[in-house]
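Below is one structure, written out as structure tokens; comments come after it.
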Number of protein chains: 2
Amino acid sequence: MHSKDLIEAIKTRRDNLDVTQEMLADLSGVGLRTLKQFESGKGNPTLETLQKLGNALGMELTFTIKELK
Amino acid sequence: MHSKDLIEAIKTRRDNLDVTQEMLADLSGVGLRTLKQFESGKGNPTLETLQKLGNALGMELTFTIKELK
DNA sequence: CATAATAGTGCAATAAAAAGCACTTTTAAC
DNA sequence: GTTAAAAGTGCTTTTTATTGCACTATTATG
């Protein structure tokens, strides 16, 4: 997953759950400005930020070995 | 995957490929100090750093919805 | 044990993420 | 077209990630 896809994953999940940026910011403990920046593709979030968002949305970040096809 | 597991994944992969921290730092473009800090569990790396390491090791970072069991 | 390679740490400078605030733009509902 | 909610942006401060350098600690290997 490229950085854009990670963003999309969060955004899509948030939309599906009918959660606004403001709600997610509150729920996750991530600053609203940080979330806005992230979702608009301008950020380079830290692992901690990603984990906080993931937790709030019931998502998980994993590192896997790429299969060679 | 918790933050510790992400670290382990990288470290294990690196060891399996018989790559030193120094080599991985060079290969990935991540500073040696940053890698050392990360692997010793003291960092909060940015997404960019994680991606660089992943790329160099043939690994991929993904965001998935947690299945509820 | 020596010693060479690899990994970990303290310190410091620089760059950039996180955050709040106020504002603008877009979207959706009427 | 109005209005309200949601999303995006500019500016700023504070915090912290990244990095290099020099050093110490740990781990093989002879």
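Chain identifiers are assigned alphabetically (A, B, ...) following the order of the sequence lines, protein sequences preceding nucleic acid strands; residue numbering begins at 1 within each chain.
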Under the rule for side-chain contact (heavy atoms from CB on, under 4.5 Å), what residues qualify as partners of B:Gln37, not counting sequence neighbours? B:Arg33, B:Lys42
Length of the CD-P vector between A:Gln21 and C:dA18, whole Å: 15 Å
At under 4.0 Å, does any side-chain N or O of B:Arg14 touch on OP1 or OP2 of C:dA7? yes
How many Å lie between CG on B:Asp18 and P on C:dA7, as a whole number? 10 Å
With a 4.0 Å limit, can you tell me whether A:Lys11 has a side-chain N or O closer than that to the phosphate oxygens OP1/OP2 of D:dA6? no
Rounded to whole angstrom units, what separation is found between the CZ atom of B:Phe38 and the P atom of C:dA7? 14 Å
Side-chain contact test, heavy atoms from C-beta onward, threshold under 4.5 Å: evaluate it for B:Leu6 versus A:Gln51 and give yes or no. yes
Could you state the atom-to-atom distance from CG of A:Leu50 to P of C:dA17 in whole Å? 12 Å
Side chain to side chain, B:His2 and B:Asp5, heavy atoms closer than 4.5 Å: yes
Determine whether a donor-acceptor pair (N or O, by modelled atom type, separation under 3.5 Å) exists between the side chain of B:Glu60 and the backbone of A:Met1. yes
Within-4.5 Å side-chain heavy-atom neighbours: B:Phe38 and B:Ile10: yes
For A:Glu39, run the salt bridge (Lys or Arg N to Asp or Glu O under 4.0 Å) check against A:Arg13, A:Lys4, A:Arg14 and tell me which one passes. A:Arg14
Value in whole Å for how far the P atom of D:dA7 lies from CG of A:Asp26: 13 Å
Once each nucleotide of nucleotides 12-30 of chain D is scored for protein heavy atoms under 4.0 Å, what B/S/- sequence comes out, 5' to 3'? -----SSBBB---------
What integer distance in Å separates A:Asp15:CG from D:dA6:C1'? 11 Å
